[in-house]
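One structure is given here, and the rest of the page talks about it.
Count residues from 1 along the sequence. As the structure lists them, so they are numbered: ligands from 1, and atoms in each ligand from 1.
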Amino acid sequence: MLFDGFNEQTPDVDPEETDEWVQSFAAVVEERGKNRARFLIRRLMTAARQLQVDFPATVSSPYINTIAPDDEPWFPGDEYIERRLRAFIRWNAVAMVTHANTWADGIGGHLSTFASSAALYDVGFNHFWRGKDDGKPGDHIYIQGHAAPGIYARAYLDGRLNDDDLDHFRREIGRSGLSSYPHPRLMPSFWEYPTVSMGLGPISAIYHARFNRYLHHRRVDDTSESKIWAFVGDGETDEPETLGALHLAARERLDNLIFVVNCNLQRLDGPVRGNGKIIQELEANFRGSGWNVIKVIWGGRWDELLAQDVDGVLANKMLETVDGEYQRYSVESGAYIREHFFGPDPRLRQMVEDLSDEDLEQLPRGGHDYKKLYAAYHAAAEHEGSPTVILTKTVKGWTLGPDLEARNATHQIKKLSREQLSIIRTRLHLESEIPEDFDTDRPPYYRPAEGSDELEYLLARRRELGGPLPARDGSWRRKPLPLPSSKPFEEMGAGSGGQQVSTTMAFTRLLRALTREEGFGERVVPIIPDEARTFGMDSLFREIGIYASQGQLYEPVDHDLLLSYSERQDGQLLEEGITEAGALASFTAAATSYATRGVPMVPFYTFYSMFGFQRVGDAIWSLADMRGRGFLVGATAGRTTLMGEGLQHQDGHSLLLASAVPPCQAYDPAFAYELGVIVEDGLKRMFVDNEDIFYYLAVYNENYLQPAAPSDLDRDALLAGLYRFAAAPSDHSCDATIIFSGPAQAAARSAVALLAENHGVGADLWSATSFKALRDEALSVERQNLLHPEDPVRVPFVTSQLGGGTGPVVAVTDFMRSVPDQISRWVGRDYASLGTDGFGRSDTRERLREHFEVTAEHIVVCVLARLAALGHCERSVVNDAIQHYGLATEIVDPWSTGVY
Ligand SMILES: Cc1ncc(C[n+]2csc(CCOP(=O)(O)OP(=O)(O)O)c2C)c(N)n1
Ligand SMILES: [Mg+2]
């Protein structure tokens, strides 16, 4: 029994009529076969649509092109010249990679990805993608990372790269060479979007398209003329990030977004879906998610065959054949294809009777047929109301000859033999351009002469479309960003008076104040993945509005409350829901808007610190590559400060992970005024000095009195990572120094008092706002001293700061000890650290701090132990203190002690 919720529960008003329809359908199946039956159902559905009878869309269609030949628009290009140009580009890409691997065997580079997608790019470059001339931002193109050689090869033709540049593919040290993949960090005026970490390109493209809408709806920037085109590998669609946000694109009706999936049926090791059909699978996924799907499977020469397919047997065979077999047909002879594809069914065999074996070998796939591609791109660009995906079938390694085309190893082949190169030369009809006796190790590049038809055509196409692509550098139209007044930062500097406030609350206050700043406020982009209430940010909902492309179509349940949930088309807050990957992609779009659109935006993305670097670390790396600017705010930080939540939530290592990301400015402020100084300086560094850096700020949820900034605050030292918070109390027999970060300030301050009162030790107190900054500076000084022995020796900042004190230095933070240990080499004094290594636990703050041995008493004992080790006091003093404070001495968490 087949259950169908609709049929089961809807009364049949005319069972007789229903029966007639069902019987006739059964008769069609019986007499004319299943293909005819399928055809009729599809026709009925089309008719229903035409008569405006709503019907849920089916998720898959036959394995043929979506656009019928009769519906293809006229192709406006010069086919001959375009094919010639494509041949030059193909050849130059091969020559460049081959040459690189002669220079350094094993240096790598990819041939087969671009070979499969050359036409996909050319049709876009020649006919669709708008450049950035005349101060326009143009279209945004996410290029498959492994197709980079082909993009360089085109830039060589349009004159942006020369022979020397191509000779420096994958040779970046010493001279700016061509990066292996799209890396804006390495080629900042060329590449815009790093795509080579699979999955990040597609999700970034989706959120970028949504961010363009956001800019438009908020009237910050007119984005109506720009489309986002994202090229995706079919293997890449296995990444959860690739398909994970499709629903958002459909829900937001992002018709400014076009995906092109290069379905060459192969990934690195072998077939993507040998036993299935990746195009059909993706069609169902995209259609089910609400996308417009255009399939470009067959090249033009198949049209005649399909036109003869009155019984639908060819379409059926196409549908039944699995991808593993299609891959095989790409490498087999025409005779084999005749035998195995057309052969088994006499009707099919007859269909190709007049075609030679050679003809059969040359029945191309849709992704190599630029007219089919043109039709698809045209339809996609015109489509309204939803995003479009073009699923296009290609052959991996196309035109690279029998050793590479569709071979399982093709992805990894980097260097070609003379014979292989000769085959390509012939296949591309380059006998007159490339001499027969070309140098195998260094095949020549080919650029048509100035004034030649080909070059003129290529340049004219790009001129018409607004200049060459890819190109990055928003300075061509940069809208200035006026900085906020000093008022919001002065508020931070004033402290919290008698009120106990957490640094998260202080941050929220600062963010709110920044959004109100005349001229600056509108560029602030607060981003939250469904945790606003946790961070006390729900106050922003009503005030600045939550962005919703359709506004608010309902009256919210809390409409009568002051902080009601307020969605608006011009809302400023991006409430992303539970998707850190999506929120980070959103942040990336905002953080790079200064370059991609010439409109600097200032994103503040606030998240559970545990679900930042650990969860989406690769996306943050990509943000760094893209030279993103903005503030990542890791809230509820600290392994003991976030009490109750336990092992999965308590973060004691995000600062360590942040320390691995070069441009990331990782700060761990203890007080509101520190936060204010850091943010104020950050805005200046990123948006006035144009430094391509971003910030990571750890903020916490422990409430305490926020002191006012000391009148003699050394701002430069605070920003450099370490400043003296308090001098040691006077009248003591021994000296020591205690360094704290973040909420460890309380224990550190108490420890100072205990040391003075109970042990006669005077400790001065320092706040370390950034161990990363201290380490980075020390490393550069160290290098300077190493390689410039004749120059006066320079002293790292951290050494000079602590050098004035005596006795041991003890650092304590709510992070694992590796964070403060980053500076140990340069402290210049006896150095020990306390921290929260190991897994978190659910308990109260106090008990957690006892467990991790970071209480004031533990700090005291640590200071005494170091003093004893230095011979400044008796060892018995330490033992007495342990007894006095009742510290546990047994091992309860071997992970935190380093036993393992
Ligand atoms: C996150 C990530 N994992 C693995 C890789 C290594 N890798 C590079 S290319 C590739 C295969 C790509 O296949 P597909 O997406 O089908 O692209 P094609 O080259 O076939 O067009 C893999 C696994 C990567 N670049 N990124
Ligand atoms: Mg592939």
Side-chain angles (χ1 to χ4, degrees), residues 90 93-94 97 108-121 124 141-151 170 179-183 191 193-205 229-244 259-274 276-282 285 296-297 322-324 326-327 330-331 365-368 373 389-400 404-414 581 584-585 615-623 625:
R90 283 178 180 285
V94 169
V97 175
H110 294 85
L111 299 169
S112 57
T113 302
F114 178 71
S116 67
S117 52
L120 308 187
Y121 291 105
I141 319 295
Y142 287 67
I143 289 161
Q144 247 186 297
H146 295 77
I151 308 305
R170 292 197 169 216
S179 58
S180 48
Y181 303 112
H183 293 304
W191 292 117
Y193 308 104
T195 44
V196 79
S197 179
M198 314 250 120
L200 297 185
I203 192 169
S204 298
W229 292 72
F231 285 77
V232 184
D234 49 357
E236 185 176 9
T237 61
D238 283 339
E239 291 285 2
E241 289 92 342
T242 305
L243 302 182
F259 269 22
V260 181
V261 186
N262 173 18
C263 297
N264 54 26
L265 313 187
Q266 291 176 244
R267 50 188 178 207
L268 195 151
D269 285 341
V272 176
R273 294 286 183 275
K277 295 169 85 66
I278 186 64
I279 292 182
Q280 297 302 94
E281 186 181 316
L282 290 175
N285 258 301
V296 185
I297 302 179
V322 293
D323 284 356
Y326 277 121
Q327 189 187 345
S330 308
V331 303
R365 291 185 179 174
H368 305 304
L373 290 172
V389 62
I390 297 169
L391 302 172
T392 178
K393 188 168 168 171
T394 60
V395 174
K396 194 150 178 168
W398 182 241
T399 72
L400 297 182
L404 280 85
E405 277 177 359
R407 297 291 172 188
N408 275 338
T410 189
H411 192 89
Q412 296 297 81
I413 300 176
K414 329 270 178 207
L584 210 280
R615 174 96 189 196
V616 287
D618 198 18
I620 294 176
W621 190 258
S622 173
L623 163 80
D625 187 349

Protein non-hydrogen atoms only, distance under 4.0 Å: does atom 1 (C) of ligand 1 have such a neighbour?
yes

Please state which part of Asn262 comes within less than 4.0 Å of ligand 1, counting heavy atoms only: side chain, backbone, both or neither.
side chain

Contact check, Glu239 vs ligand 1, heavy-atom distance below 4.0 Å
yes

Report yes or no: does Thr410 contribute a side-chain atom to a donor-acceptor pair with the main-chain N or O of Ser112 at less than 3.5 Å?
no

Is Ser330 reaching over with its side chain to a backbone N or O of Tyr326, donor-acceptor style, under 3.5 angstrom?
yes

Check whether the side chains of Asn262 and Thr394 place a donor and an acceptor atom closer than 3.5 Å, and report yes or no.
yes

Please write down residue, atom name and distance for the protein heavy atom closest to atom 5 (C) of ligand 1.
Met198 CG, 3.9 Å

Could you list which atoms of ligand 1 come closer than 4.0 Å to a heavy atom of Val196?
24 (C), 25 (N), 26 (N)

Contact region, Asn264 to ligand 1, non-hydrogen atoms below 4.0 Å, reads side chain

Looking only at N/O atoms, are Ser197 and ligand 1 under 3.5 Å apart anywhere?
no

When you measure from the side chain of Glu236 to the backbone N and O of Gly199, does any donor-acceptor pair fall under 3.5 Å?
yes

Under 3.5 Å: N/O of Ser116 near N/O of ligand 1
no

Should the proximity of His411 to ligand 1, defined as any heavy atom under 4.0 Å, be assigned to the side chain, the backbone, both, or neither?
side chain

Taking the ring of Trp191 and the ring of His183, is the distance between their centroids below 6.0 Å?
no

Given 3.5 Å as the limit, does a donor-acceptor pair link the side chain of Lys277 with the main chain of Asp323, or not?
no

Leu282 pairs by side-chain contact (heavy atoms from CB on, under 4.5 Å) with which of Val389, Leu243, Thr242?
Leu243

heavy-atom search around atom 15 (O) of ligand 1 in the protein gives Glu236 N, 2.9 Å

Aromatic rings Phe114 and Tyr121: how do their planes relate, parallel, tilted or perpendicular, breaks at 30° and 60°?
parallel

Got a donor-acceptor contact below 3.5 angstrom from the Arg90 side chain to the Thr399 backbone?
no

Answer yes or no: is there a donor N or O on one side and an acceptor on the other, between the side chain of Gln327 and the main chain of Ala406, under 3.5 Å?
yes

Suppose we only allow N, O or S atoms; which atom of Asp234 ends up nearest to the Mg ion (ligand 2)?
OD1

Would you find a donor on one side and an acceptor on the other, under 3.5 Å apart, between the side chain of Asn264 and the backbone of Lys393?
no

Atom 20 (O) of ligand 1: the protein heavy-atom neighbour that sits closest, reported with distance to 0.1 Å:
Lys396 NZ, 2.7 Å

Any N or O of Leu268 closer than 3.5 Å to N or O of ligand 1
no

Atom indices of ligand 1 within 4.0 angstrom of Thr113 heavy atoms, with elements
18 (P), 19 (O), 21 (O)

Would you say Gln144 has any N or O atom under 3.5 Å from an N or O of ligand 1, going by distance alone?
yes

Look at the rings of Tyr142 and Tyr193 and say which category their plane angle falls in: under 30° parallel, 30 to 60° tilted, over 60° perpendicular.
parallel

Any N/O/S atom of Glu236 sitting less than 2.8 Å from the Mg ion (ligand 2), backbone or side chain?
no

Donor-acceptor pair, distance only, cut-off 3.5 Å: does the side chain of Gln266 make one with the backbone of Arg407?
yes

Residue and atom name of the nearest protein heavy atom (relative to atom 14 (P) of ligand 1), distance in Å to one decimal:
Gly235 N, 3.6 Å

If you have a sec, read the angle at the Mg ion (ligand 2) from Gln266 atom O over to Asn264 atom OD1, to 10 degrees.
90°

To which protein heavy atom is atom 13 (O) of ligand 1 closest, and what is the distance rounded to 0.1 Å?
Arg267 CA, 3.5 Å

For ligand 1 and Val272, I'd like to know whether there is a polar contact (N/O to N/O, distance under 3.5 Å).
no

If we set the cut-off at 4.0 Å for heavy atoms, which region of His146 has an atom near ligand 1: side chain, backbone, both, or neither?
side chain

